[in-house]
Amino acid sequence: MQSSDLANQLSMETVHGSLADPAISSMNLLNELIGEYPLAISMAAGRPYEEFFDVGLIHRYLEAYCDHLRRDRNLTEAEVTRTLFQYGATKGIIADLVARNLAEDENIDASPESVVVTVGCQEAMFLVLRALRANDRDVLLAPAPTYVGLTGAALITDTPVWPVRSTEYGIDLDDLMHQLKLVGDAGMRARACYVTPNFANPTGTSMDLPARRRLLEVAAAHGILLLEDNAYGLFGADRLPSLKALDDSATVVYLGSFAKTGMPGARVGYVVADQPVAEGGLLADLLSKLKGMLTVNTSPIAQAVIGGKLLLNDFSLTKANARETAIYQRNLHLTLGELTRALGACPGVTWNTPTGGFFITVTVPFVVDDELLKHAARDHGVLFTPMHHFYGGKGGFNQLRLSISLLTPELIEEGVSRLAALITGRLP
Ligand SMILES: Cc1ncc(COP(=O)(O)O)c(C=O)c1O
């Protein structure tokens, strides 16, 4: 028998369609280039600052969490040991601590029952999209450009993403209403809209307070949920209330991540889903059912580390990240200043001016594709992210994303100067 006759012959045609989608492999090129050009200055990776990483902290956090179990929950030594070693509750063992953190940092009133602790925010996105995709009419709206993790979760849950225009101030609410109408006209059903109101990835843009209130009204009027991703919310000077803090009608499903505020290696995130389900219980209970068959439970050891960090910082990650936030703010302002110095007089070269977070969008009067990125790495020793990766290859071809989170002032000066050499060399 020819191998091609085998029913289970593997090819891109016989595996899930998401595997052939460019969005899923878009970050591979970046990782390859980082490996190939280790001396290139990376203004590409959205990773948190590393200088304060310390293995000793992991031990302190674990110990603080165990002390909490003994002291506040009256667990015996055997019970403490079992909590860390054994399988745990699907919803997690630190939901109460997460709820206290949300009250402290975000003024969000979340009951521990509405919280599911997940393997990063990524799992939370997957669970919510899986639950909301009841049939092939169901779609998710999301601003274009959008975070690749969301695109990936949508792809693997077979959820079509219906793009909404994005402006300097976040999602365009007029276009959102227009797209909601088009979804209906097409016989589809909009279930939810994904948004990052604070310092979005990849654009760095934020929504002002009136826009947040209006978004909540639009969502409630159209009967859709808002999936609020707040991964960068702490890292700004003037902080506005999250959608969830303003929500009094259970319109918002809050997607939380400890990757930037706790530690990315722990892989702990969560979802607050307090929406009631007609047959009883909350959306969180349904998500927990799905999680039981996906990751069973989030590692109790990882949860204990994050729980300990919360306990040792009086539940405030704002406080725990004071040094990091100061560095991100310094880096952001320094990068914006260097861009003005090096490129301020160049016609057609512009950038936005986010007030927090990790990212800046630069617009140039020529095509920014993966070929240009390779050229930048090889001939100029600098890396950025071409914006088209966040549009699923359907836009953003004259924009790039700069990330400021991992750099020192010296690297920012040198990185922007290398980028400026690349850009000015391409100007007419
Ligand atoms: C918009 C956004 N959401 C969430 C995350 C973090 O996800 P996770 O908690 O799975 O690391 C990131 C990290 O890059 C992000 O940019």
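Computed from a predicted model, the values in this text were never measured in an experiment. Sequential numbering from 1 along the given sequence is applied to the chain's residues. Remember, it's 1-based here, ligands and their atoms both numbered in the order they're listed.
Atom CE of Met12 has more than 12 heavy atoms from other residues, nucleotides or ligands within 6.0 Å.
With ring centers used as reference points, Tyr147 lies 6.0 Å or more from Tyr194. Checked against the 6.0 Å centroid threshold, Phe359 and Phe199 do not count as a close aromatic pair.
The pair Glu79-Arg82 does not meet the salt-bridge criterion, since no charged nitrogen lies less than 4.0 angstrom from a carboxylate oxygen. Arg418 has a carboxylate O that lies under 4.0 Å from a charged side-chain N of Glu414, or vice versa, which qualifies the two as a salt bridge.
The minimum heavy-atom distance between Ser316 and Asp105, with the atom names listed, is OG-OD1, 3.1 Å.
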Quick one: table the atom pairs, ligand 1 N or O against protein N or O, below 3.5 Å, distance rounded to 0.1 Å.
| unit_1 | atom_1 | unit_2 | atom_2 | d |
| --- | --- | --- | --- | --- |
| ligand 1 | 3 (N) | Asp229 | OD1 | 3.3 |
| ligand 1 | 3 (N) | Asp229 | OD2 | 2.7 |
| ligand 1 | 9 (O) | Cys121 | N | 2.8 |
| ligand 1 | 9 (O) | Ser257 | OG | 2.7 |
| ligand 1 | 10 (O) | Cys121 | N | 3.1 |
| ligand 1 | 10 (O) | Gln122 | N | 3.0 |
| ligand 1 | 10 (O) | Arg267 | NH2 | 2.9 |
| ligand 1 | 11 (O) | Arg267 | NH1 | 2.8 |
| ligand 1 | 14 (O) | Tyr232 | OH | 3.4 |
| ligand 1 | 14 (O) | Lys260 | NZ | 3.1 |
| ligand 1 | 16 (O) | Asn201 | ND2 | 2.8 |
| ligand 1 | 16 (O) | Tyr232 | OH | 2.6 |

